[in-house]
Engineer: 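I have a structure here, written as structure tokens, and I will follow up with some questions on it.
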There are 2 protein chains.
Amino acid sequence: MKSEKSKEILKFPKATFERLKQYHALLTQLEIEQKQRYILSEEIAEMLKITPEQVRKDFSYLKTSGKPKVGYNISELLAELDELFGIKANDNIIIVGAGNLGSALANYKGFQNIGARVVAIFDKDQEKVGKMVGELMVLPLKDIPRVVRRFHVRTVAICVPEDAAQQVADLLVAYGIKAIWNFSTRILDVPNDVIVQNEDITRGLLSIKHMLAESEKRKYENSEV
Amino acid sequence: MKSEKSKEILKFPKATFERLKQYHALLTQLEIEQKQRYILSEEIAEMLKITPEQVRKDFSYLKTSGKPKVGYNISELLAELDELFGIKANDNIIIVGAGNLGSALANYKGFQNIGARVVAIFDKDQEKVGKMVGELMVLPLKDIPRVVRRFHVRTVAICVPEDAAQQVADLLVAYGIKAIWNFSTRILDVPNDVIVQNEDITRGLLSIKHMLAESEKRKYENSEV
DNA sequence: AGAATAACGTGATATTATTCACAACATACT
DNA sequence: AGTATGTTGTGAATAATATCACGTTATTCT
């Protein structure tokens, strides 16, 4: 490749990338609300519990720039982030497991905001096959390869019971799936070229427990002094 | 390999804390499986896609130590992490929103592993009130204060539609709730002393999209060379 | 128009996190 | 028992990230 600079521009710190996802979610929300056209680094910072300097530093990796005393144009910023995350290029995904969690995902309306679409949901249980989940009919597992090929599915959300997660993952790997969105708490064993994104929600609750304990401690210490 | 330093001060880097949660989940799984008594830093590293040095460094903040050529005692390590996260001290939590997501949470069996228990689930919709979700009967929102007081609830999971999230948060704050586990993608505006843990799952999918794009690019570049 | 103001942009500096390198040591082997 | 081996534990070096400090600039005010 020729242009080294253009590559450089799309290269930001990992920590910045994580925050860009948060900015994207926030800006999407603001864009929908249509209450304001511009936003200050300080406003963003307050909402996301970070510093304004951090926000500006992050944005300095982008092409979009803000105006002193006015802030950043929400639409412009969101457009650049959309572009950056490849949101215009839609990704077809499927869900395995039509229990409550799988159904919740299937009904989730926000996927369009991040360039994703759920094209099918599968379940092992014959009782569930044929039932409707939102606008999708639950399909049997054997149909996975056909749907994957037909819709060029690269990403699968695993929403099955804990002890079935690895088994389903093995199946999906065999079908050539590129990325697994793992909603079980199990650590999946897959080949190195398969991406695994874990959504173990219990981690969030552990954080809460820890923060609650911390704030209790502070309260105690303060009353001591 | 001596460690005489006072480990009483349970202060570790933030990054380490994040990983301790992962170790905890992994060790819980291994403890349940009962397949092995010891685990090497290298095995942990491979499963969590980090380096063995990182694992050992993290564990160096703990009292538990490993044995050369043998590894770490799983039960001992898990016991220390349980203690650290205050898992023996049970936390009663409630869920607001009895849709698919709220129901999925209510039925989740892993809460006991992290010292949490769902004591009630609420919904605004009169149609849902009275219905059973797992072993819990859906209650009307007006019962929240009573349950919060009766069960000393400090933490609430918000599983309501996007545009109701802020409203519910305001309500909960008024009832004296200390921590909000936010499953909507909305950024909630709450007083500074209220903890908010966001579980915006779309971030995970954005990461997948990005990684897929990266691996596509690598493939392309390799075929160029 | 010129001055005052408030917010942006970013190089320099400080802080935090990861990796390296190797001594210490438990186990297995001869 | 002594030696070889492989893994731990951790201070030191390096790398990544966040914060600071301040020059720059668009807007508002007089």
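Keep in mind that what you see is a predicted model, and the values were worked out from it rather than measured. First the proteins, then the strands, lettered A, B, ... as listed; each starts at 1.
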Engineer: Would one find a side-chain N or O of Ser41(A) under 4.0 angstrom from OP1 or OP2 of dA7(C)?
Structural biologist: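 So the side chain of Ser41(A) is outside the cut-off, no N or O lying under 4.0 Å from OP1 or OP2 of dA7(C).
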Engineer: For the side chain of Arg19(B), starting at C-beta, report the closest nucleotide among dA7(C), dT18(C), dT19(C).
Structural biologist: dT18(C)
Engineer: Nearest nucleotide by nearest heavy atom, which residue falls closer to the 5' end of DNA chain D, Glu53(A) or Val70(A)?
Structural biologist: Glu53(A)
Engineer: Using a cut-off of strictly less than 4.0 Å, decide whether Gln54(A) has a side-chain nitrogen or oxygen near OP1 or OP2 of dT19(D).
Structural biologist: yes
Engineer: Counting side-chain heavy atoms from CB outward, which of dT10(D), dT8(D), dT5(C) is closest to Lys69(A)?
Structural biologist: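 The listed nucleotide nearest to Lys69(A)'s side chain is dT5(C).
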Engineer: Under 3.5 Å, is there any donor-acceptor pair linking the side chain of Lys67(B) to the base of dG6(D)?
Structural biologist: no
Engineer: Any chance the side chains of Asp82(B) and His24(B) put a donor and an acceptor closer than 3.5 Å?
Structural biologist: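 Distance-only check passes for Asp82(B) and His24(B).
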Engineer: Between dA28(C), dT8(D), dG11(C), spot the one nearest the side chain of Tyr72(B), thanks.
Structural biologist: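 Nearest to the side chain of Tyr72(B) among the choices is dT8(D).
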Engineer: For a quick check of understanding: with a heavy-atom distance under 4.0 Å over all strands, which category does Lys57(B) fall into, base, sugar-phosphate or nothing?
Structural biologist: base
Engineer: If I take atom CD1 in residue Ile50(A) and atom P in nucleotide dT17(D), what distance separates them, rounded to the nearest angstrom?
Structural biologist: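 Going from Ile50(A) (CD1) to dT17(D) (P), I get 15 Å.
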Engineer: Within a reach of under 6.0 Å around NZ of Lys14(B), are more than 12 heavy atoms found that belong to other residues, nucleotides or ligands?
Structural biologist: no
Engineer: Identify the residue among Glu43(A), Arg37(A), Gln36(A) that makes a side chain to side chain contact (heavy atoms under 4.5 Å, CB included) with Leu30(A).
Structural biologist: Gln36(A)
Engineer: Which nucleotide wins on minimum distance to the side chain of Pro68(A), given the candidates dG6(D), dA26(D), dT19(C)?
Structural biologist: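 Closest nucleotide among those given: dA26(D).
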Engineer: How many Å lie between CG on Leu40(B) and C1' on dG6(D), as a whole number?
Structural biologist: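 Computing the Leu40(B):CG to dG6(D):C1' distance gives 9 Å.
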Engineer: Among dA18(D), dT10(C), dT8(D), find the nucleotide with the atom closest to the side chain of Ala15(A).
Structural biologist: dA18(D)
Engineer: Check the pair Leu105(B) / Trp181(B) against side-chain contact (heavy atoms from CB on, under 4.5 Å), numbers first and verdict last.
Structural biologist: CA-CA 11 Å; Leu105(B) 262 193; Trp181(B) 199 13; 4.3 Å; yes
